[in-house]
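The structure appears right after this line, and notes come after that.
Nothing here was measured: the structure is a model prediction, and the numbers come from that model. Chain identifiers are assigned alphabetically (A, B, ...) following the order of the sequence lines, protein sequences preceding nucleic acid strands; residue numbering begins at 1 within each chain. Keep in mind that the numbers below use all heavy atoms, side chains included, and drop hydrogens, waters and symmetry copies.
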There are 2 protein chains.
Amino acid sequence: MTLTAKGRATRDRIVDGAATFLRENELGDITLDDVRAVTNTSKSQLFHYFPGGKEDLLLAVMHHEADRVLSDQQPYLGTLDDWPAWNRWRDAVIARYRAQGAHCPLNSLIGQVGTTPGADEVVRALLSQWQGLVATGIRSMQDAGLMRTDLPAERLAGALVAGIQGGVVIMWSTGTTDHLEAVLDALFDYLRA
Amino acid sequence: MTLTAKGRATRDRIVDGAATFLRENELGDITLDDVRAVTNTSKSQLFHYFPGGKEDLLLAVMHHEADRVLSDQQPYLGTLDDWPAWNRWRDAVIARYRAQGAHCPLNSLIGQVGTTPGADEVVRALLSQWQGLVATGIRSMQDAGLMRTDLPAERLAGALVAGIQGGVVIMWSTGTTDHLEAVLDALFDYLRA
DNA sequence: GCATTTCTGGACTTGTGAGTCCAGAAATGG
DNA sequence: CCATTTCTGGACTCACAAGTCCAGAAATGC
């Protein structure tokens, strides 16, 4: 499918609109009519740009949101080479999720694309990229003698990502970042030791 | 609504059946017809026992599953008073989630009951009970001089629960307990220090 | 054993939302 | 400028699933 400039713009408008809608509505589900309404498009346009229908569209939105997760942590996540940088990253993560509130677009999406093979692949890719960036940061700290070297960076990065993930999930129901902060503090302290 | 013995049995059969269905089907959603089929009941029975309809029923299933989460960790979770006990608990948690596979009934339920006020309350209650039990374990370890005493038990317990939660969430997409094990090992090690 | 309540079966209504279709407008390229 | 492709609007079909309703069976209690 070759898109003209206009076509690309419309397609982007659809994905952006759907993503925004999901971010602004606590309501976990979204219908094609919602997307239509919020993006000023018609049914045929939706199916023109996403032949696979709803699933296809939501998968595109997932990619879009997955990218946001990492870009929202930049530039901190990319330059974890001394302790102040780590602390800035920590604060950015907490601030990002606090701002997002007790609502996660990606989770809503997983609930709806659920069984689709592409869905968990997007999440898997996101996690592994995330973990990779953290691991790189850990290694550079270890090389500089600023972090304990008796543990594999990749595994520590996995623990950190899991901790953040858990803190965020808990925030969905508690509404506070307490758990997120607790687990980050504990793990940072552990790395410092 | 007063239930006869027969009535209570039917009601239980419905909740049990729905819970089992959710546990056995990767598919995230469930319809009343699914419940009907798997429990040998009729529409009118479903609405007789759950006047609020589907939401009402799913909320009951949520309670049911939330109870399981904690009871599956017993008796270990209730007797965290020396390191071997903590390790047994750790193994039980990992084994439980490994057995459950990349699928979490509670998550499917949250996706479907979503906005209902009762839903996140169930989750919140579960988390706070869980955290409380862990905190009790930590305090008894601290009192016995087996765990560092320079940190508040409640907050450490929060970090642990968040870590487990995150590990489990990640398992949904990766299928492995690697992250769960990594974060548990890190935090245990941290507590030991 | 009779009246009353609880329980059960299943047909029916209704709303909703995904996906189809086609006719026509706008852009593109030679 | 003309042929061809891409883009758009909206009416339509169709399936599915929630919830309603009522008549009759089974249990309960006095």
Side-chain angles (χ1 to χ4, degrees), chain A residues 1-19 21-22 25-62 108-116 118-119, chain B residues 1-19 21-22 25-62 108-116 118-119:
Chain A
M1 196 166 60
T2 53
L3 295 177
T4 67
K6 189 184 176 188
R8 206 161 21 249
T10 304
R11 206 197 113 107
D12 288 353
R13 197 173 79 243
I14 293 172
V15 174
D16 268 10
F21 182 91
L22 280 169
N25 285 274
E26 285 301 316
L27 199 65
D29 58 342
I30 185 174
T31 70
L32 291 186
D33 283 323
D34 290 330
V35 179
R36 241 176 28 72
V38 89
T39 60
N40 286 309
T41 46
S42 65
K43 262 303 179 49
S44 66
Q45 282 170 289
L46 263 38
F47 282 86
H48 180 69
Y49 295 106
F50 305 94
K54 187 179 188 181
E55 201 166 288
D56 204 347
L57 165 56
L58 291 183
L59 216 51
V61 177
M62 272 192 79
S108 313
L109 286 163
I110 285 191
Q112 287 180 67
V113 194
T115 53
T116 309
Chain B
M1 194 169 61
T2 53
L3 295 177
T4 67
K6 189 184 176 189
R8 206 161 21 250
T10 303
R11 205 197 114 107
D12 289 352
R13 197 173 79 244
I14 293 171
V15 175
D16 268 11
F21 182 91
L22 280 169
N25 284 275
E26 285 302 315
L27 198 66
D29 58 340
I30 183 174
T31 70
L32 292 185
D33 283 324
D34 290 330
V35 178
R36 242 175 30 69
V38 89
T39 59
N40 285 310
T41 46
S42 64
K43 262 303 180 49
S44 66
Q45 282 170 290
L46 262 38
F47 282 86
H48 181 69
Y49 294 107
F50 305 94
K54 188 179 187 181
E55 200 166 288
D56 203 349
L57 165 56
L58 291 183
L59 216 50
V61 177
M62 271 192 80
S108 314
L109 285 164
I110 285 190
Q112 287 180 65
V113 193
T115 54
T116 308

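For the pair B/Arg13 CZ and C/dT8 C1', the interatomic distance rounds to 10 Å; values are reported in whole Å. Look at CZ on A/Arg11: it is 16 Å from P on D/dT6, rounded to the nearest Å. Taking atom NE2 of residue A/His48 and atom P of nucleotide C/dC21, one finds them 16 Å apart after rounding to whole Å. The distance between atom CZ of B/Arg8 and atom P of C/dT8, rounded to the nearest whole Å, is 13 Å. For the pair A/Arg36 CZ and D/dA11 C1', the interatomic distance rounds to 11 Å; values are reported in whole Å. The distance between atom CG of A/Asp29 and atom C1' of C/dT16, rounded to the nearest whole Å, is 12 Å. Remark: P of D/dT8 and CZ of A/Phe50 are 12 Å apart, rounded to the nearest angstrom.
Of the side-chain N and O atoms in B/Thr10, one or more sit less than 4.0 angstrom from OP1 or OP2 of C/dT8. A close approach under 4.0 Å does occur between a side-chain nitrogen or oxygen of A/Gln45 and OP1 or OP2 of D/dT8. A/Tyr49 has a side-chain polar atom (N or O) that falls below the 4.0 Å cut-off from OP1 or OP2 of D/dT8. Distances shorter than 4.0 Å separate none of the side-chain N or O atoms of A/Thr2 from OP1 or OP2 on D/dT5.
In this structure B/Asp33 satisfies the salt bridge (Lys or Arg N to Asp or Glu O under 4.0 Å) test together with B/Arg36, sequence neighbours excluded. Taking B/Thr10 as the reference, nothing meets the side-chain hydrogen bond (donor to acceptor under 3.5 Å, both in side chains) condition, with sequence neighbours excluded. Scanning for side chain to side chain contact (heavy atoms under 4.5 Å, CB included) contacts around B/Asp34 gives B/Phe21, B/Ile30, B/Thr31, with sequence neighbours left out. Scanning for side-chain hydrogen bond (donor to acceptor under 3.5 Å, both in side chains) contacts around A/Asp16 gives A/His64, with sequence neighbours left out. The side chain to side chain contact (heavy atoms under 4.5 Å, CB included) test applied to B/Ser42 returns B/Ser44, B/Gln45, not counting sequence neighbours. Considering only residues two or more places apart in sequence or on other chains, B/Asn40 meets the side chain to side chain contact (heavy atoms under 4.5 Å, CB included) condition with none of them. When the side chain to side chain contact (heavy atoms under 4.5 Å, CB included) test is applied to B/Ala60, the partners found at least two apart in sequence or on another chain are B/Arg11, B/Val15, B/Phe50.
Axis deviation across the helix from C/dG1-D/dC30 to C/dG30-D/dC1 amounts to 20°, comparing end segments of five pairs, rounded to 10 degrees.
In terms of heavy atoms, A/Leu32 sits closest to A/Leu46 at O-CD2, 3.7 Å.
Contact annotation: the side chain of B/Ile14 never approaches that of B/Val61 to less than 4.5 Å [non-hydrogen atoms, C-beta and beyond]. Put simply, the side chain of B/Tyr49 reaches to within 4.5 Å of the side chain of B/Leu3, judged on heavy atoms.
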### Query
With the sugar-phosphate defined as primed atoms, P, OP1 and OP2, and the base as all remaining atoms, what B/S/- string results for nucleotides 22-30 of chain C, 5' to 3', for protein heavy atoms under 4.0 Å?
----S----

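Within the structure, the side chain to side chain donor-acceptor pair (under 3.5 Å) test picks out the following pairs touching residues 52-62 of chain A (sequence neighbours left out): A/Glu55-A/Thr116.
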Between the protein and nucleotides 14-18 of chain D, which nitrogen or oxygen pairs are less than 3.5 angstrom apart?
{"unit_1": "D/dA18", "atom_1": "OP1", "unit_2": "B/Lys54", "atom_2": "NZ", "d": "2.9"}
{"unit_1": "D/dA18", "atom_1": "OP2", "unit_2": "B/Leu32", "atom_2": "N", "d": "2.9"}
{"unit_1": "D/dA18", "atom_1": "N7", "unit_2": "B/Lys43", "atom_2": "NZ", "d": "3.3"}

